[in-house]
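Everything below concerns the one structure shown next.
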Amino acid sequence: MVEELQDRVAVVTGAGSGIGRSIALALAGEGVDIVVADVDGDAAIAVADQLRAVGIQSISLQVDVADRTAVLELARVAYEHFGDVDILVNNAGVSLRPFRALWDTDYHDMVWLMGINFWGVVHGYDAFVPRMRESGGPKHIVNTASTAALRITPGAGAYTVSKSAVSAFSICSRSEFELAGEPIGVSLLIPGPVQTNIDQGERHRPASDRSENRVVKEWISYLQHGEPTGGGPLPGNPSGLRADPVDPDVVGQLVVDAIRENRPFVLTQPAPEMILRDRLDQIITSGRDVT
Ligand SMILES: NC(=O)c1ccc[n+]([C@@H]2O[C@H](COP(=O)([O-])OP(=O)(O)OC[C@H]3O[C@@H](n4cnc5c(N)ncnc54)[C@H](O)[C@@H]3O)[C@@H](O)[C@H]2O)c1
């Protein structure tokens with residue numbers, strides 16, 4: 001477990017805004033040196049400047065996590081500059097707007113979204129984990145999923161798929177490190193609604209590839225039910241409510257605490273308990289012994 005954070009080194013992707021920025025600032029508050037990575041190079045520079053102004057060693061890099069070569073370069077630069085990396089935060093992520101059914105989610109939407117949300121995490125592992133294992137000592141990885149992976153989220157199918165993949169990847173990798181006795185902890189960050197720029201997730205998507213160039217029918221049943229753009233109750237399922245959005249500033253400290261305690265899950269709001277229990281009940285009661 002990475003209990004003592006002072007003078008550790010962390011790489012945070014998507015650290016130019018929102019949750020990633022909050023994690024970078026919270027880690028820096030514990031004396032961690034930070035590599036700020038973001039596809040928005042100016043935003044990354046601004047965060048690194050802010051960290052250096054309070055005495056933290058920080059460098060920034062413009063990185064598209066969907067690009068394996070760029071993430072390998074991120075790792076090369078991080079190790080060249082700091083000599084070691086103790087904490088990897090695979091946080092960069094995007095979502096599609098307007099919400100749409102999977103039949104309105106075309107191949108290019110799916111490739112773009114999975115490229116960042118899922119392959120971005122795979123690229124992070126590919127570039128950093130061999131060196132993290134080799135250098136020895138306690139290390140930690142945080143992967144950002146979403147409550148979309150806990151609930152059935154019609155209208156956000158591609159996002160739900162990508163975050164479910166991150167969730168499975170994370171949970172498996174944590175078990176493997178544990179079983180192999182390797183001192184690398186893994187936490188899955190599962191944010192509910194957080195007030196960030198996630199609604200403008202397509203701002204860095206190549207214009208020629210954007211959905212506004214196509215006719216996409218907005219998935220409106222969510223709006224009628226106050227989900228996921230509003231906050232109202234889902235009829236008959238009060239604990240499946242979409243929670244009120246939280247300030248991104250609180251998320252970083254939750255992640256810091258989870259790293260210290262090597263906690264498997266970090267939630268920003270209460271879990272959608274009834275949805276989870278309903279799903280588990282349906283799975284359990286569907287089990288058959290056909291031998
Ligand atoms: N805000 C929420 O309500 C919410 C809820 C659940 C999960 N999440 C997840 O939290 C993570 C952070 O999102 P946020 O809410 O802070 O949004 P945000 O848009 O404020 O921040 C995301 C950052 O990632 C960067 N980014 C986007 N594409 C990138 C790429 N290809 N390579 C590198 N960086 C890239 C953006 O430039 C931005 O700085 C995402 O994985 C998101 O899916 C957010």
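In each ligand, atom 1 is the first atom listed, and ligand 1 is the first ligand listed.
Checking only distances, V39 does come within under 3.5 Å of ligand 1, N or O to N or O. Residue V94 has no nitrogen or oxygen atom sitting less than 3.5 Å from a nitrogen or oxygen atom of ligand 1, judged on distance alone. Looking at P191 next to ligand 1, no N or O pair under 3.5 Å apart turns up. For the pair N117 and ligand 1, the shortest N or O to N or O distance does not fall below 3.5 Å.
Between R133 and E182 the shortest side-chain heavy-atom distance falls below 4.5 Å. The side-chain heavy atoms of I19 and N91, taken from C-beta on, include a pair separated by under 4.5 Å. The shortest side-chain heavy-atom distance between I275 and L150 does not fall under the 4.5 Å cut-off.
Heavy atoms of A37 come nearer than 4.0 angstrom to ligand 1 in no pair at all. Within the 4.0 Å heavy-atom cutoff, S95 does not count among the residues contacting ligand 1. Heavy-atom distances between R203 and ligand 1 reach below 4.0 Å in at least one pair.
Heavy-atom proximity to H204, at under 4.0 Å, picks out these atoms of ligand 1: 37 (O). Near T144, meaning under 4.0 Å from any of its heavy atoms, are these atoms of ligand 1: 9 (C), 10 (O), 11 (C), 41 (O). Which parts of ligand 1 touch A92 is read off a 4.0 Å heavy-atom cut-off, strictly below it: atoms 33 (C), 34 (N), 35 (C), 41 (O). Under a 4.0 Å criterion applied to the non-hydrogen atoms of I116, ligand 1 contributes the atoms 31 (N). Of all atoms in ligand 1, numbered sequentially from 1 with element shown, those under 4.0 Å from a heavy atom of Y159 are 6 (C), 7 (C), 8 (N), 9 (C), 42 (C), 43 (O). Taking every heavy atom of G18 and a limit of under 4.0 angstrom, the matching atoms of ligand 1 come to 16 (O), 20 (O). Residue D64 has at least one heavy-atom neighbour below 4.0 Å for each of these atoms of ligand 1: 30 (C), 31 (N), 32 (N). The atoms of ligand 1 that sit less than 4.0 Å from any heavy atom of I19 are 10 (O), 15 (O), 16 (O), 44 (C).
In the model, R174 has a side-chain atom that pairs as donor or acceptor with a side-chain atom of N262 under 3.5 Å. Looking only at atom types and distance, the side chain of R97 has no donor-acceptor partner in the side chain of Q200 under 3.5 Å away. With 3.5 Å as the limit, one finds no donor-acceptor pair spanning the side chains of S286 and R288. Looking at Q253 and D257, their side chains do bring a donor and an acceptor atom within 3.5 Å of each other. N90 and T13 are not linked by any side-chain donor-acceptor pair at a separation below 3.5 angstrom, with hydrogens and angles left out of the test.
A salt bridge is absent between R8 and D33: the closest approach of a Lys/Arg side-chain nitrogen to an acidic carboxylate oxygen does not fall below 4.0 angstrom. Salt-bridge check for D106 with R100: failed, with every basic side-chain N at 4.0 Å or more from each acidic carboxylate O.
With a 4.0 Å cut-off on non-hydrogen atoms, Q195 does not touch ligand 1 at all. When heavy-atom distances to ligand 1 are checked against a 4.0 Å cut-off, A145 comes that close only through its backbone atoms N, CA, C and O. No part of Q200 comes within 4.0 Å of ligand 1, judged by heavy-atom distances.
Proximity annotation for atom 41 (O) of ligand 1: of D38, T196, N91, I190, N91 comes nearest, heavy atoms only. Comparing T13, L189, V63 against atom 33 (C) of ligand 1, the shortest heavy-atom distance belongs to V63.
In this structure, Y125 and F177 have parallel ring planes: the angle between them is below the 30° cut-off, well short of the 60° mark.
In this structure, R205 forms a cation-pi arrangement with W112, its terminal cationic atom sitting closer than 6.0 Å to the ring centre and no more than 45° off the ring axis.
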